[in-house]
Trainee: 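Handing you this structure, nothing more for now.
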Amino acid sequence: MNEMKAKVLKATDRVTLNALDLKITSANVSFQEQKLTAKDIQFNADQETACFVFDTEIPAGTAKLAVEFSGELNDKMKGFYRSKYFSPTGEERYAGVTQFEATDARRCFPCWDEPAIKATFDISLVVPKNLVALSNMPVVREQPSGETDDSVLVIFDRTPIMSTYLVAVVVGEYDYVEDKSTDGVLVRVYTPVGKREQGRFALDVATKVLPYYKDYFNIAYPLPKMDLIAISDFSAGAMENWGLITYRETFVLVDPENTSLIRKQSIALTVGHEIAHQWFGNLVTMEWWTHLWLNEGYASFVEFLCVDHLFPDYDIWTQFVTDMYTRALEHDCLRNSHPIEVPVGHPSEIDEIFDEISYNKGASVIRMLHHYIGDEDFKRGMNLYLTRHQYSNTKTEDLWNALQEVSSKPVGAVMSTWIQRMGFPVVQVQSSKQLDGNRRLLQIAQSKFCADGCESPEQSLWLIPINISTPSSVNAVSTVLESSKAEITVEGVGEQDWVKINPGTIGYYRTQYPAEMLEQFLPAIKNMTLPPLDRLGLIDDLFALVQAGKSATVDALKVIDAYRNESNYTVWSSISNCLSKLQLLLAHTPAEKQFGQYGVRLYQPVAEKLGWDVKPGESHLDTLLRSLVLGRLVSFGCTKTVAEAKKRFEEHAQNKRVLPADLRSTCYRAVLQNGDLATYDEMLRLYRATDLHEEKDRISRALGSIGNVDILRKVIDFAMSEEVRAQDAVFVIVSVALNPKGRDMAWDYFCEHWQVLLNQYEGGFLLARLIKYLTENFSTEERALEVEKFFREHEFPGTERTVSQSIETIRLNADWMKRDLDAISTYLKQQEQQ
């Protein structure tokens with residue numbers, strides 16, 4: 001039974017609300033001592049609504065609507081669903097869990113399921129006595145349910161005014177650890193039974209994050225408690241339900257023996273992200289999903305602020321550039337990208353904008369804005385925005401207005417081009433001329449950056465914050481480029497000095513330098529006097545220009561040569577990102593083997609410096625660098641690295657020496673690369689022996705490295721079996737598709753079994769993710785046409801944009817190879833002979 005109090009604005013004989021997959025048996029409305037029963041209930045499956053029609057009009061005023069209904073505890077990881085887990089004795093059990101974002105509260109109870117229609121919620125549950133029952137608010141009381149002897153009625157406190165997508169309920173068996181934050185909030189982390197200690201790290205982060213945000217926003221956390229809970233079956237990484245944040249196990253549980261450092265770091269970021277939403281998203285909520293970026297882009301920026309505060313040794317702002325910024329740029333230069341703000345209507349369209357643009361581009365433009373107005377004004381603006389709009393809904397302009405008021409800078413004007421327009425500019429240095437008195441005159445121009453290198457037909461102008469650094473000044477110039485061209489004089493620059501546009505890689509744009517300016521960077525890259533973010537930004541921009549046909553691949557490889565002494569983890573991440581894309585495209589070409597040898601020569605010196613074992617007092621970033629570099633050497637087929645990895649794996653499998661969690665993926669892949677059926681079976685044994693979700697993930701995603709197509713087919717069958725959770729199966733299939741040996745077979749499998757996959761992941765972003773990785777690494781026009789034809793003939797709601805982006809990417813790959821393959825082959829042969 002669902003009872004709703006509503007305000008009737010004008011007399012009506014019908015009430016329409018959202019309902020999906022619910023069986024509604026009756027509905028009545030009470031007002032002014034009267035009670036009407038609906039004579040007809042009309043469902044609209046396409047609109048996901050139910051309409052109650054009454055004989056008499058309901059007058060304006062307040063009324064109470066009562067609806068009798070029943071629903072199904074589904075297996076779709078949306079709405080109110082069941083999540084399978086195993087008790088410590090190995091028995092199969094089920095928990096009941098909710099996931100309502102974006103539009104799935106309507107699968108659990110009839111409601112007005114839109115973010116702007118906020119309400120308070122009084123939730124009560126009838127549950128078996130032995131189970132834990134949780135919701136957004138604390139329990140007020142428990143009493144006999146009156147239904148069975150072993151069930152109890154749990155009544156929760158009334159919630160604040162909030163949106164339906166943030167309502168949450170979990171029922172199951174859980175342990176927990178708890179603590180109080182310094183500002184008095186009770187924090188609990190709920191874990192599977194027997195794993196409470198794995199909740200300690202997240203608990204520690206959460207108790208510190210709450211007071212940090214309280215100070216940052218200057219607003220106290222509005223609820224009396226904060227629960228974080230690990231859910232076995234969960235399609236997203238985590239969900240910010242107010243007061244009851246749900247997580248995939250791998251995004252919240254830390255096992256000191258078996259959790260890698262990179263995973264621990266990503267857990268800290270995820271906890272920071274979801275807790276930021278408690279203010280930004282939950283207290284103040286976007287008016288409609290068009291403004292989703294306001295929620296996600298902002299939380300994706302703030303998570304880095306808070307992790308930097310808690311873990312300064314992570315150097316997390318440098319990692320922001322490879323994790324968020326460059327991934328946004330890669331996505332946003334496609335013709336099939338979309339503006340940050342995109343009109344959406346149907347639920348399947350909403351699912352598709354939970355993507356790199358809403359999160360990563362959103363976070364990147366907020367970082368640019370934060371830099372433009374400064375931290376103090378940013379903080380004050382946030383407080384004004386949150387205080388002014390608390391418990392209500394906003395549009396993007398409301399945020400700009402608040403930040404503009406406190407900073408007195410034209411925030412709205414500067415930001416509108418970045419939010420409302422698709423894509424981003426490239427700032428091109430057209431000429432660089434040395435003047436008297438150590439001055440240099442730069443002529444710069446802006447235009448839209450397109451992945452295919454074609455000039456954009458529209459005359460797009462952005463308001464671009466331009467900063468310039470030199471060896472003697474971190475901020476030699478600070479201005480805003482408003483026109484298509486400009487002249488800038490830079491002071492204090494010697495003839496041989498480098499001049500860097502966009503220092504710190506903060507502006508959301510690419511930079512293109514003439515050859516002689518690029519040349520001037522090389523000594524400073526070699527001796528690492530150029531700061532890490534600038535070394536990273538240079539190579540990333542250069543590779544983007546290569547893909548767009550504006551620069552030659554061989555020229556970029558020559559610049560990479562200057563990075564041989566590089567010691568920074570994030571810079572190597574960026575280089576690896578560029579090279580792995582190229583490696584995937586060179587597979588199945590005559591240059592494949594030579595590129596492997598080139599990769600080994602590039603990465604071996606840094607690998608030898610780091611060695612295999614953690615050194616006393618080693619930094620967080622060196623540990624991350626070791627697994628990155630050894631992982632790349634394995635992918636390049638380095639015989640020495642593969643042999644050492646196999647040796648260490650055997651000791652690990654025989655329990656002689658535990659393999660550090662940071663090196664397991666690398667060693668698993670090394671063993672599997674040339675493995676046979678016996679190797680595959682050994683890996684499955686390890687998979688079945690662990691009950692840590694992270695370890696299962698590591699093993700199952702390594703299975704895609706096998707070089708034998710027949711065994712890879714078994715890997716896909718394993719992914720689709722009962723042994724692998726639906727949320728993880730996608731990533732196992734993706735690991736096969738990313739292996740050049742499995743690429744064609746994985747696509748063929750998808751074409752044959754599309755209906756099964758569609759039923760399993762109907763309308764969710766996991767399906768879009770699968771389609772992206774199955775298709776985007778093809779590199780022939782024939783494949784582009786084949787993919788186009790398949791999706792024209794088979795409908796996959798909520799993946800339309802992903803499909804167009806993939807087809808566009810296949811054609812970009814084909815052009816790149818046509819343009820540069822011969823020159824790359826020649827260069828790699830010359831390198832081999834040196």
Side-chain angles (χ1 to χ4, degrees), residues 237 269 273 276-277 280-281 286 289-305 317 319-344 349-372 395-397 399-400 403 411-412 414-427 446 448-451 456 460-465 502 504-511 533 536-537 540-541 544 547-548 574 577 765 768-769 772 776 801-802 804-805 808-809:
L269 286 166
H273 179 100
H277 274 311
F280 211 98
M286 76 236 142
W289 299 103
T290 296
H291 305 281
L292 172 75
W293 89 274
L294 255 185
N295 268 14
E296 297 304 348
Y298 183 82
S300 300
F301 167 77
V302 173
E303 70 186 69
F304 283 83
L305 270 182
W317 278 116
Q319 295 189 58
F320 177 94
V321 178
T322 46
D323 286 1
M324 307 295 283
Y325 171 98
T326 58
R327 280 173 50 199
L329 291 172
E330 276 167 25
H331 203 92
D332 201 23
C333 57
L334 298 174
R335 295 193 181 278
N336 289 292
S337 180
H338 63 85
I340 282 183
E341 284 201 350
V342 60
V344 286
E349 294 171 33
I350 296 167
D351 272 343
E352 216 182 357
I353 58 166
F354 283 80
D355 67 359
E356 274 88 352
I357 300 299
S358 298
Y359 285 72
N360 301 36
K361 181 177 181 180
S364 300
V365 298
I366 285 176
R367 173 172 167 259
M368 181 165 72
L369 171 65
H370 176 263
H371 189 261
Y372 173 61
K395 298 199 275 287
T396 300
E397 292 69 36
L399 178 60
W400 298 161
L403 292 167
V411 173
V414 170
M415 295 308 288
S416 64
T417 51
W418 302 97
I419 302 302
Q420 287 157 15
R421 192 178 294 156
M422 184 173 95
F424 57 87
V426 54
V427 171
Q446 64 158 303
K448 186 174 192 292
F449 182 80
C450 298
S456 174
S460 309
L461 282 185
W462 280 263
L463 291 181
I464 310 176
N502 200 11
T505 315
I506 284 160
Y508 186 73
Y509 57 89
R510 297 278 186 204
T511 308
L533 277 170
L536 188 166
D540 199 71
D541 281 350
Q547 281 176 280
S574 188
N577 198 12
F765 70 92
R769 194 59 52 95
K772 171 183 162 71
E776 70 173 7
R801 188 180 282 114
T802 305
S804 348
Q805 287 170 349
E808 184 180 349
T809 305

Trainee: Roughly how far, to the nearest 0.5 Å, is NZ of Lys395 from CG of Leu294?
Mentor: 11.0 Å
Trainee: Do Arg367 and Phe304 have side chains that approach each other closer than 4.5 Å (heavy atoms only, starting at C-beta)?
Mentor: no
Trainee: Considering non-hydrogen atoms only, spot the tightest contact between Leu461 and Thr417 and give its length.
Mentor: O-CG2, 3.7 Å
Trainee: Do Ser416 and Trp400 pair up side chain to side chain, a donor and an acceptor below 3.5 Å, judged on atom types alone?
Mentor: no
Trainee: To the nearest 0.5 angstrom, please state how far the CD atom of Gln319 sits from the CG atom of Leu269.
Mentor: 8.0 Å
Trainee: Please walk me through it: do Val321 and Leu533 pass side-chain contact (heavy atoms from CB on, under 4.5 Å)?
Mentor: CA-CA 8 Å; Val321 178; Leu533 277 170; 3.2 Å; yes
Trainee: With a 4.5 Å limit on heavy-atom distance, are the side chains of Leu329 and Phe449 in contact?
Mentor: no
Trainee: Rounded to the nearest 0.5 Å, how far does CD of Glu397 lie from CD of Glu341?
Mentor: 6.0 Å
Trainee: How about Met415 and Ile340: do any of their side-chain heavy atoms sit closer than 4.5 Å?
Mentor: no
Trainee: Do Trp462 and Tyr509 come close enough that some side-chain heavy atom pair is under 4.5 Å?
Mentor: no
Trainee: Just so I know, are the side chains of His371 and Pro465 near enough to count as touching, which here means a heavy-atom distance under 4.5 Å?
Mentor: no
Trainee: Side chains of Ile366 and Tyr508: closer than 4.5 Å at any heavy-atom pair?
Mentor: no
Trainee: Return the CD1 to CG distance between Ile419 and Leu369, rounded to the nearest 0.5 Å.
Mentor: 9.0 Å
Trainee: Measure from the side-chain N and O atoms of Glu808 to the backbone N and O of Leu334, and report whether any donor-acceptor pair falls under 3.5 Å.
Mentor: no
Trainee: Does any non-hydrogen side-chain atom of Glu296 lie less than 4.5 Å from one of His277?
Mentor: yes
Trainee: Quick one: closest heavy-atom pair of Gly507 and Asn502, and the distance?
Mentor: N-OD1, 2.7 Å
Trainee: Locate the shortest heavy-atom distance separating Ala328 from Ile357; write the atom from each residue and the value.
Mentor: O-CD1, 4.4 Å
Trainee: Taking Lys448 for the side chain and Cys333 for the main chain, is one N or O donor matched with an acceptor at less than 3.5 Å?
Mentor: no
Trainee: Without swapping roles, check the side chain of Asp351 against the backbone of Phe354 for a donor-acceptor pair under 3.5 Å.
Mentor: no
Trainee: Closest heavy-atom contact between Ser300 and His273?
Mentor: OG-CE1, 3.3 Å
Trainee: Taking atom OG1 of Thr396 and atom CE of Met286, what is their separation to the nearest 0.5 Å?
Mentor: 11.0 Å
Trainee: Taking all atoms of both residues into account, what is the closest heavy-atom pair of Ser364 and Tyr325, and its distance?
Mentor: OG-CA, 3.4 Å
Trainee: Over all heavy atoms of both residues, which pair between Ser337 and Met422 is shortest? Give the atoms and the distance, please.
Mentor: O-SD, 3.1 Å
Trainee: With a 3.5 Å distance limit and no angle check, can you tell me whether Trp418 reaches the backbone of Leu463 through a side-chain donor-acceptor pair?
Mentor: yes
Trainee: Quick one: does Gln805's side chain get under 4.5 Å of His331's, heavy atoms only?
Mentor: yes
Trainee: What is the distance from atom CG of Leu399 to atom NE2 of His291, rounded to the nearest 0.5 Å?
Mentor: 11.5 Å
Trainee: For Glu776, what residues pass the salt bridge (Lys or Arg N to Asp or Glu O under 4.0 Å) criterion, not counting sequence neighbours?
Mentor: Lys772
Trainee: Looking at the rings of Phe301 and Trp317, which for Trp means the six-membered one, are their centres under 6.0 Å apart?
Mentor: yes
